[in-house]
Amino acid sequence: MARSDEAEAFFTAVYRAVQEIPEGKVTSYGHIAKLVGTPQRPRQVGLCLKHLPSDPTSRFNHDNVPWQRVINAKGIISPRSQPSGSLNQAAALEEEGVTVTTGALGELMVDFAEFGWFPRVLPSEAEGGVSDGDDDEEVSEGDSEDGQQ
DNA sequence: TTCCTGACTCTAT
DNA sequence: AATAGAGCCAGGA
C-alpha cells in the first residue's frame with residue numbers, strides 16, 4: 001500500500017504549507033500545489049482540505065490548519081465550499097484583516113494583489129511585479145523545489 | 001471492481 | 001479580452 005503512504009505525504013505537505021500562511025494573508029491552491037512539489041495537481045490540494053480531519057487529536061485539523069486562507073487563483077473563495085459554510089470562511093478572513101468583496105452573483109472575491117501570500121519572493125515579483133493599482137497575480141515558475149523540512 | 005465527480009489551473013481558440 | 005476544453009489524481013457511490 002505504498003500509494004496510501006504517498007497520499008499521506010502529499011496531505012501532510014499541503015497541510016504544512018497552509019499552516020505557513022500568516023494571519024491576514026491568503027494564497028491559492030495552485031501555489032500550495034507548487035510548494036508540495038506538484039504544481040500540476042491543484043485539485044488534489046483542495047481534496048486534502050476537504051479531507052482535513054476535524055478531529056483535534058489528529059496531527060492536522062481545522063484548528064491547526066487555516067484552510068480558510070486558501071482560495072482559488074481567481075482570488076475568489078471556492079463556491080463549492082459554500083455548502084460547508086463559505087460565509088464563515090469569508091467572515092474569518094475579514095476578522096484577520098482580509099477585505100472580502102461580494103460580487104453580484106455572490107462570489108467572495110479577495111484582493112490577491114494585496115493579501116496574496118507567497119513563501120518566497122519570486123524573481124518576477126521581486127523585480128517589481130505588484131506595486132500600483134494594476135494587479136498581476138501571475139506567478140512565474142520559480143522551480144527550485146525547497147525540500148519540506 | 002469500475003465510473004464519475006471534484007475546495008483547480010492552464011492553454012488554446 | 002472572453003470562452004471552452006483538457007489534464008491531473010484521489011475519494012465516493
Side-chain angles (χ1 to χ4, degrees), chain A residues 1-56 58-96 98-120 122-125 129-130 132-146 148:
Chain A
M1 297 249 206
R3 183 166 56 193
S4 300
D5 185 61
E6 292 183 49
E8 187 178 289
F10 182 81
F11 273 57
T12 303
V14 171
Y15 296 150
R16 284 204 173 197
V18 175
Q19 289 181 319
E20 292 296 297
I21 306 174
E23 189 176 295
K25 298 283 185 174
V26 296
T27 191
S28 63
Y29 298 95
H31 199 104
I32 296 296
K34 286 185 178 183
L35 294 178
V36 302
T38 51
Q40 298 296 104
R41 290 164 261 260
R43 302 187 88 161
Q44 261 40 40
V45 175
L47 286 172
C48 292
L49 273 60
K50 182 167 63 177
H51 283 255
L52 178 63
S54 56
D55 186 352
S58 190
R59 182 158 68 176
F60 297 103
N61 54 75
H62 285 77
D63 188 62
N64 290 328
V65 181
W67 65 275
Q68 57 186 53
R69 292 177 194 159
V70 184
I71 60 179
N72 62 26
K74 293 184 284 281
I76 303 172
I77 298 174
S78 303
R80 287 187 159 114
S81 64
Q82 284 191 350
S84 300
S86 67
L87 296 178
N88 184 17
Q89 180 176 2
L93 289 173
E94 292 186 292
E95 282 288 300
E96 297 180 2
V98 177
T99 302
V100 180
T101 306
T102 306
L105 300 177
E107 60 271 19
L108 304 169
M109 300 181 293
V110 179
D111 192 341
F112 219 99
E114 286 190 58
F115 303 104
W117 169 81
F118 301 96
R120 280 179 198 199
L122 298 177
S124 300
E125 299 180 85
V130 288
D132 47 271
D134 189 64
D135 60 283
D136 178 63
E137 62 270 293
E138 182 59 82
V139 291
S140 297
E141 186 57 270
D143 205 71
S144 303
E145 298 302 334
D146 61 304
Q148 307 302 313

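Chain letters run A, B, ... following the sequence lines, proteins first, then strands; residues in each count from 1.
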Length of the CZ-C1' vector between Phe11(A) and dC9(C), whole Å:
10 Å
Report the distance from atom CZ of Phe112(A) to atom C1' of dT9(B), rounded to the nearest whole Å.
12 Å
Rounding to a whole Å, what distance do you find between Lys34(A):NZ and dC8(C):C1'?
15 Å
For the pair made of CG in Leu108(A) and P in dA7(B), what is the distance, rounded to whole Å?
16 Å
Nearest-nucleotide pick for Leu47(A), side chain only, options being dA7(B), dG6(B), dG11(C):
dG6(B)
When you check the phosphate oxygens OP1 and OP2 of dC8(B), does a side-chain N or O of Ser28(A) lie under 4.0 Å from one of them?
no
Whole-Å distance between dG12(C) C1' and Lys50(A) NZ?
8 Å
Do Arg43(A) and dG7(C) have a side chain to base donor-acceptor pair shorter than 3.5 Å?
yes
Taking atom CD as the centre, does Glu95(A) end up with more than 12 heavy-atom neighbours from other residues, nucleotides or ligands that are less than 6.0 angstrom away?
no
Arg41(A) side chain: which of dC8(C), dG11(C), dT9(B) is closest?
dC8(C)
Ignoring hydrogens and angles, tell me if any N or O in the side chain of Glu96(A) forms a donor-acceptor pair with the backbone of Glu23(A) under 3.5 Å.
no
What orientation do His62(A) and Trp67(A) show, parallel under 30°, tilted 30 to 60°, or perpendicular over 60°?
perpendicular
In whole angstrom, give the distance that lies between atom CZ of Phe10(A) and atom P of dA10(C).
9 Å
For the residue pair Phe60(A) and Tyr15(A), does the interplanar ring angle fall in the parallel (under 30°), tilted (30 to 60°) or perpendicular (over 60°) class?
tilted
Regarding dC9(C), can its base be found pairing with the side chain of Gln44(A) as donor and acceptor, where the two atoms are less than 3.5 Å apart?
yes
Using the C1' atom as the point on both nucleotides, what is the distance between dT3(C) and dA7(B), in whole Å?
23 Å
Between C1' of dA7(B) and CD1 of Ile21(A), the distance in whole Å
13 Å
Counting side-chain heavy atoms from C-beta on, which of dC8(C), dA7(B), dT9(B) comes nearest to Trp67(A)?
dA7(B)
Ile32(A) CD1 to dC8(B) P, straight-line distance once rounded to whole Å
14 Å
Measure the CZ-CD1 distance between Phe115(A) and Ile21(A) for me, rounded to the nearest 0.5 Å.
14.5 Å
